[in-house]
2 protein chains.
Amino acid sequence: MLTKSSTELVRQRNSVLVLSVLRRHGALAHTEISDSTGLSSATISAITTELEKAQVIEKSEQQPASGRGRPRVLLRQRRDCGYLIVVIISSDAVQYSLVDYAGKLIDRFSEERSHDPAGAVRFVAAVRAGLLRILDRSKISQEKVLLISISSKGLVNSTEPVLVWSPIFGSEQIDFESALRPEWQAKVILDNETLLVAAALGAREEMVKGADFRSLAALSLGHSVGLGIVRRGNQTGQEISAPNFGHMLHMANGGLCRCGTRGCIEAYAGFYAILRSAFEVPLDTIPAKFVPVAELDKIAAKARQGHRVPAFAFRQAGLALGNGLSRMLSLTERMPIAITGPGTRYYDLLRQGIEEGLGQSHIVRMEGMPEIRVVADEQILVFEGHLNRALSVIDEDIVLSGVQGIQASATVQESG
Amino acid sequence: MLTKSSTELVRQRNSVLVLSVLRRHGALAHTEISDSTGLSSATISAITTELEKAQVIEKSEQQPASGRGRPRVLLRQRRDCGYLIVVIISSDAVQYSLVDYAGKLIDRFSEERSHDPAGAVRFVAAVRAGLLRILDRSKISQEKVLLISISSKGLVNSTEPVLVWSPIFGSEQIDFESALRPEWQAKVILDNETLLVAAALGAREEMVKGADFRSLAALSLGHSVGLGIVRRGNQTGQEISAPNFGHMLHMANGGLCRCGTRGCIEAYAGFYAILRSAFEVPLDTIPAKFVPVAELDKIAAKARQGHRVPAFAFRQAGLALGNGLSRMLSLTERMPIAITGPGTRYYDLLRQGIEEGLGQSHIVRMEGMPEIRVVADEQILVFEGHLNRALSVIDEDIVLSGVQGIQASATVQESG
DNA sequence: CTAAATTTCTCGACTGTCGAGAAAAAAATC
DNA sequence: GATTTTTTTCTCGACAGTCGAGAAATTTAG
């Protein structure tokens, strides 16, 4: 369904555009913004003075002029325009980060978290306490927090911040919106962790390749298996999705997965599955949910020494991943695949299986093997993805609803 | 990457919007257009007078006023504004249709086509001849043909009209753009057949459900297996894709497919595959590419009488389809599935397998079985999809490039 | 101290949308 | 038949947005 367009919409979009280039390149001068947006200088003037009045951006102090001519006046976001809290939920801890509007980290701490599977209610309470704690430590007023951006492994509702399925709580849903609503006015968004990795990698890729960038998939290997896909939209930036890849069917009536279904990819490629396979435990018994990495390192060492059974376990994991990726490629388009997560340390053992699994499908035989690269530092990518996404959401919200209101209150302040 | 917005863009979008409601609802009065677009009456006046000057739409003759008040002046597309040729390539024939700008069928004929596999070059020549023939029969000048919309089964390049892989010609690519360019100025687009079915069903669904419509998949069963997915875009109408579903990997090292790969879905669910399975021919021999439907009907009859082997063949086909669909759902979101094509006549035999295959995956166990409906009349849907897509492409092209130019030439005509 | 270079800002022109009200035209009413 | 009512279309002025050109500002080079 098409929808009508108006001149106000034009201004909104161009304002968001200005904020986004400011976000990408840091402090910029009038002319630079004009160059990188394609908007005329006059328009930049109009938009920036409006944003300045609304206290969203500010002119930097006079700085030592480099080169002749009238010195540039740099425009930058006002750090105190608003704040963002990032909550990264991982299997053994929850990390809270407070970030200002310019993307600068202000405070951060982690809290251990028990693996109590019946603790969804308690977990939500812990998150609420954590949020209040980081707010309290920084002495920032609660209204200044514009957005709470949460990430977790598992399956996320695409429209609302509801965790539909997670490795720890299973099908016990967690609705962060309603959990935080009485206490917080801030908008709450929830994303799958690997989706954020894909978003970060996609943004990096677009920085390098520019308009040539088409799409990219991020595969995260660890206790569970995650996939994020980022595609260049026709106009509206990037489209990102985080399918339920780890629990896509690998083989009908296959090994039992910790989700209770048989034959999931994770039941072959998750850490616990590799362990199970290496110890030749029957495929219908389900081992511990979380396996110490040291344990897996031992198996990997044996495999590298040439022991048949552990090597086979990694190979089977690779095959499941390769088959799954080939199915994903059959449904999308050829795209490079970036592998991240703790599982990358075993990539030497997985590689052959992955490539063989990929090669078993028509699409790969026809179009050739996709580019596969290993990217370490998943944690950094997750945080980077949070910032990319959350800050652009904030920018949009400010322009959409805020500018007039904030501007009005600002002028009142001036005159008062 | 965001891009700048301008007032001209606003006008373009709103013009396209006006044309699209005119296309959906037929001839409309000023006020009706205003109501269904949300644009003000003044804007409608501006846009329609411009389009009328450009000879794209026209005012209808005075008609018997129904109700009091000033009688309505209906606006409708000018049929002679431009023409569209639809080319539907199926396994045994090529159908050519000439359609006017209002979507009215003017002429149509089919041409048999040989299954000569080495005949890609000859096939292209036949298509060129067919196009000239339909043009000649109707006495329409070639410049008035604005678009040639082609469809085929198989895999299609997403940006250019290139048939990348097809059941008949295999990997022998056909580039319709370069094949028709010297002769035709018209734009050429090529779409997968099942994509068009999905587009048509999606449009119908949106008519009924309105904003509630989210997404839908069309599964076409026949000699080959096709899938089309239509999703509601955030603003820009619908997003449609036609993945390589028939040749998605069903089972590693499985039955040999006619594409030369082992274990494709089609190698279990294509007509030839069901035949092979019912006759207990080894899975690595590849039977005739096209199986007479009568042959399959016989097998189906036996299966319905309770014979074990043919019933098993259909069941295996259903399992392959169900597993594949479950994998598709793991990568997208829950959506209804519409089954079309000649294979629907065996749906009673396939159904159990499909449902069992779907039920083997985590996503279906968690979210429940997707709605499955059987839709006959695939041919009609294909044509409907052609019209939906092609005419809206024409609308956009006219507004984007045409209006100024046509308008200019029109005013010259007037003054000359 | 002046000229050149460079950046920012401002002004008028142009395009687009909108709301209000005028104009048009047929049905209803007196 | 004249007048009123109702409905639709068209037009005008107000307002928002972008753009190009040129003025204003300000520093460096000579």
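Because only heavy atoms are used, hydrogens play no part in the values below, and waters and symmetry mates are left out as well, while side chains stay in. Quick note on labels: first sequence line is chain A, next is B, and so on, each numbered from 1.
- Rounded to whole angstrom, the span from the CG atom of B/Leu28 across to the C1' atom of D/dT9 amounts to 15 Å.
- Residues forming a salt bridge (charged side-chain N to carboxylate O under 4.0 Å, His left out) with A/Lys144 (at least two apart in sequence, or on another chain): none.
- Backbone-only contact: B/Leu39 has heavy atoms under 4.0 Å from sugar-phosphate atoms and none from a base.
- Residues satisfying the side chain to side chain contact (heavy atoms under 4.5 Å, CB included) test with B/Thr43, not counting sequence neighbours, are B/Leu39, B/Ser40, B/Ile47.
- As rounded to whole Å, 11 Å separates atom P of C/dT17 from atom CG of B/Leu17.
- A/Ala203 meets the side chain to side chain contact (heavy atoms under 4.5 Å, CB included) test with A/Asn388; sequence neighbours excluded.
- Between the P atom of D/dC19 and the CD1 atom of A/Ile44 lies a distance of 9 Å, rounded to the nearest Å.
- C/dG16 atom C1' lies 10 Å from atom CD of A/Glu8, rounded to whole Å.
- Candidate nucleotides D/dT18, C/dG16, C/dC18 were compared by shortest atom distance to the side chain of A/Thr7, and C/dG16 ranks first.
- Taking five base pairs at each end of the helix from C/dC1-D/dG30 to C/dC30-D/dG1 and finding the rotation axis that steps the C1' atoms of four pairs onto the next four gives two axes whose angle is 30°, to the nearest 10°.
- Listed by chain and number, the residues in a salt bridge (charged side-chain N to carboxylate O under 4.0 Å, His left out) with A/Glu58 amount to none (sequence neighbours excluded).
- If you measure from atom CD1 of A/Ile57 to atom C1' of C/dT8, you get 14 Å, rounded to the nearest angstrom.
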Problem set entry | Reading 5' to 3' through nucleotides 9-14 of chain C, protein heavy-atom contacts under 4.0 Å coded B for base, S for sugar-phosphate only, - for none | BB----
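- Considering only residues two or more places apart in sequence or on other chains, B/Glu143 meets the salt bridge (charged side-chain N to carboxylate O under 4.0 Å, His left out) condition with none of them.
- Sequence order on DNA chain C of the closest nucleotides to A/Thr31 and B/Ile47 puts A/Thr31 first from the 5' end.
- Taking atom CG of A/Asp35 as the reference point, atom P of C/dT8 lies 10 Å away to the nearest angstrom.
- The distance between atom CG of A/Leu9 and atom C1' of D/dT18, rounded to the nearest whole Å, is 15 Å.
- Between A/Ser6 and C/dT17, a side-chain N or O to OP1/OP2 separation shorter than 4.0 Å is absent.
- Set against C/dC18, D/dT8, D/dT18, the side chain of A/Asn14 has D/dT18 as its closest nucleotide.
- Here B/Ser215 pairs with B/Glu333 under the side chain to side chain donor-acceptor pair (under 3.5 Å) rule; sequence neighbours left out.
- In terms of phosphate contacts, B/Arg11 brings a side-chain nitrogen or oxygen within less than 4.0 Å of OP1 or OP2 of C/dT17.
- Checked for salt-bridge contact, B/Arg232 and B/Glu206 meet the test: a charged N lies under 4.0 Å from a carboxylate O.
- Proximity of A/Asp191 to A/Arg389: side-chain heavy atoms (C-beta onward) are separated by under 4.5 Å at one or more points.
- Residue B/Val10 places its side chain closer to C/dG16 than to any other of C/dC18, C/dG16, D/dT26.
- A salt bridge is defined here as a Lys NZ or Arg NE, NH1 or NH2 lying under 4.0 Å from an Asp or Glu carboxylate O, and A/Arg78 with A/Glu52 fails to meet this definition.
- Remark: A/Arg23 pairs with A/Asp395 by the salt bridge (charged side-chain N to carboxylate O under 4.0 Å, His left out) rule, at least two apart or across chains.
- Following rounding to the nearest Å, A/Gln12 (CD) and D/dT18 (C1') show an atom-to-atom distance of 16 Å.
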